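Okay, so here's the structure we're looking at.
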Amino acid sequence: MKLLKSIFWILWRVWFYLMMAVPILLMLPMLLLSILRESWYPYFFVMARIWAKFILFTCGFYYKIEAETEINPSQSYMFVANHTSMTDIMLMLAVVRNPFVFVGKKELAKIPLFGFFYKRTCILVDRSSPKSRMEVFNRAEKRLGQGLSICIFPEGGVPADESILLDEFKDGAFRLAIEHQIPILPMTFPDNKKRFSYTFFSGSPGLMRVFIHQSVSTTGQTAENKKDIKDLKEMVREVIFNQLSKA
């Protein structure tokens, strides 16, 4: 039985990465066209959502959304969620219709084919470089000025210790949201780690629940006030942590 499970996991993981590539190849001309100008990003975003849903469906995942609030299509948000799986990217794209830009680690740009578009459409950050973090703020400001939203997984990566339910949050997402006076929309993905973690021999097709929480206002807060950032960060983390604890 253990051998059969291992064979399944190997084939399934290979299938997952194959399914990442197939829609990119099928839509390649349109994808290349959509990244020629930053103003055409919303067209790229539509195709990114198709890509994400294709992967989830062909790998046997289906999702159910429980929302405490409606996402305003004309509002820019800071979308934040817990981070335990590569499928967090696909699930976020699948459930959010507002065009947004990911802020993510530069290492993902090394993934063949996916990385080509990732580094040209996302805001890449080298967390070991203060200069890189400053560039993130500048690029995010530009994107927000174009009417887009931003998505950050505020743990700063997947916790190395698998026993950690939710790692501590970094300041970046909350400082950005305060500086631009945009609301934060917390989301909880309680099943992605069980479904498709970074542990190779693990996972299974099935349900991925999405909890969309009430948005958190940043009105009246200032980025110069470190207490505002700290309080906002802890408030949002508590919302996600409490949901994960109940799941």
Side-chain angles (χ1 to χ4, degrees), residues 17 20-21 23-24 27 31 34-35 37-56 63 71 75-127 129 132-158 167 169-177 179-180 182-189 192 196 198 208 210 212 236 240:
Y17 289 109
M20 283 183 65
I24 295 177
M27 296 188 293
L31 286 168
S34 69
I35 64 173
R37 294 185 182 179
E38 283 194 350
S39 60
W40 292 350
Y41 180 81
Y43 301 109
F44 174 86
F45 184 78
V46 169
M47 289 181 279
R49 295 192 73 225
I50 294 170
W51 170 82
K53 290 183 178 184
F54 178 88
I55 295 167
L56 294 176
Y63 54 89
I71 300 177
Q75 169 73 56
S76 290
Y77 291 93
M78 176 63 69
F79 295 107
V80 300
N82 59 304
H83 193 25
T84 57
S85 167
M86 185 177 287
T87 58
D88 298 339
I89 294 172
M90 293 80 178
L91 194 58
M92 184 68 77
L93 284 166
V95 303
V96 176
R97 295 182 179 180
N98 293 33
F100 65 82
V101 176
F102 281 109
V103 174
K105 56 186 180 181
K106 67 173 187 176
E107 288 79 7
L108 291 180
K110 297 176 182 177
I111 299 175
L113 199 57
F114 167 82
F116 175 84
F117 292 99
Y118 175 78
K119 67 184 177 183
R120 286 164 176 79
T121 57
C122 300
I123 301 173
L124 274 58
V125 58
D126 178 357
R127 299 189 188 278
S129 167
S132 174
R133 292 198 296 269
M134 183 56 65
E135 288 173 354
V136 167
F137 280 87
N138 295 334
R139 291 193 63 192
E141 182 175 20
K142 185 177 181 181
R143 289 307 212 172
L144 288 167
Q146 295 167 343
L148 301 175
S149 293
I150 301 292
C151 176
I152 298 179
F153 297 109
E155 291 167 276
V158 176
D167 214 341
F169 283 2
K170 311 295 184 185
D171 289 349
F174 308 96
R175 182 181 291 113
L176 267 172
E179 282 190 354
H180 297 283
I182 59 171
I184 295 173
L185 193 69
M187 302 171 70
T188 305
F189 302 155
N192 292 16
F196 200 86
Y198 281 90
M208 289 177 164
V210 180
I212 301 176
V236 172
I240 296 175

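Since this is a predicted model, take the numbers as computed values, not measurements. Values reported hereafter were calculated over all heavy atoms of this structure, with side chains retained and with hydrogens, waters and symmetry mates removed.
- Looking at heavy atoms from C-beta onward, Ile71 lies in side-chain contact with Phe79 at the 4.5 angstrom threshold.
- With contacts defined as side-chain heavy-atom distances shorter than 4.5 Å, the pair Phe102/Met92 qualifies.
- Separating the CZ atom in Arg175 from the NZ atom in Lys170 is a distance of 12.5 Å, to the nearest 0.5 Å.
- In terms of heavy-atom proximity, Ser76 sits nearest to Pro183 at O-CD, 3.5 Å.
- Under the 30°/60° scheme for interplanar angles, the aromatic rings of Phe153 and His83 are found to lie parallel.
- Summarising the geometry, atom CZ belonging to Phe117 is positioned 6.5 Å from atom CD1 belonging to Ile24; distances are rounded to the nearest 0.5 Å.
- The backbone N or O of Tyr43 sits nowhere less than 3.5 Å from a side-chain atom of Ser34 that would complete a donor-acceptor pair.
- Residues Ala52 and Ala94 share a closest heavy-atom pair of CB-N, 4.3 Å.
- Annotation for Ala48 and Leu93: closest pair O-CD1, 3.9 Å, computed over non-hydrogen atoms.
- At a threshold of 4.5 Å between non-hydrogen side-chain atoms, the residues Lys119 and Lys106 do not count as touching.
- One distance of note links CG of Leu31 with CE of Met47; it measures 4.5 Å at 0.5 Å rounding.
- Each of Tyr118, Phe45, Phe114, Phe44 was compared with Trp51 under the ring pair (Phe, Tyr, Trp, His ring centres under 6.0 Å) criterion, and only Phe114 meets it.
- Rounded to the nearest 0.5 Å, atoms CE (Met27) and CZ (Phe54) are 9.0 Å apart.
- Inter-residue side-chain proximity for Ile35 and Trp40 is flagged as unmet; no heavy-atom pair is nearer than 4.5 Å.
- What you find for Val95 and Met187 is that their closest heavy atoms are CG2-CE, 3.5 Å.
- Here the side chain of Ser149 pairs a donor or acceptor atom with the backbone of Tyr77 at under 3.5 angstrom.
- Among residues at least two apart or in separate chains, salt bridge (Lys or Arg N to Asp or Glu O under 4.0 Å) pairs with a member in residues 138-147 are Glu38-Lys142.
- Closest of all the heavy-atom pairs between Tyr198 and Thr84 is CD1-O, 3.6 Å.
- For CZ of Arg120, the number of neighbouring non-hydrogen atoms (other residues, nucleotides, ligands) closer than 6.0 Å is greater than 12.
- For the pair Phe189 and Thr87, the minimum side-chain heavy-atom distance is 4.5 Å or more.
- Of the possible polar contacts, none joining the Asn82 side chain to the Ile240 backbone as a donor-acceptor pair under 3.5 Å is found.
- Once rounded to the nearest 0.5 Å, the distance linking CD1 of Ile123 with CD1 of Ile152 reads 7.5 Å.
- At a threshold of 4.5 Å between non-hydrogen side-chain atoms, the residues Leu56 and Met208 count as touching.
- Side-chain atoms of Ile111 and Met86, non-hydrogen and from C-beta on, do get closer than 4.5 Å to each other.
- Of all non-hydrogen atoms in Asn192 and Ser85, the two that sit nearest each other are O-CB, 3.7 Å.
- Residue Ile182 holds its CD1 atom at 4.5 Å from CE of Met78, rounded to the nearest 0.5 Å.
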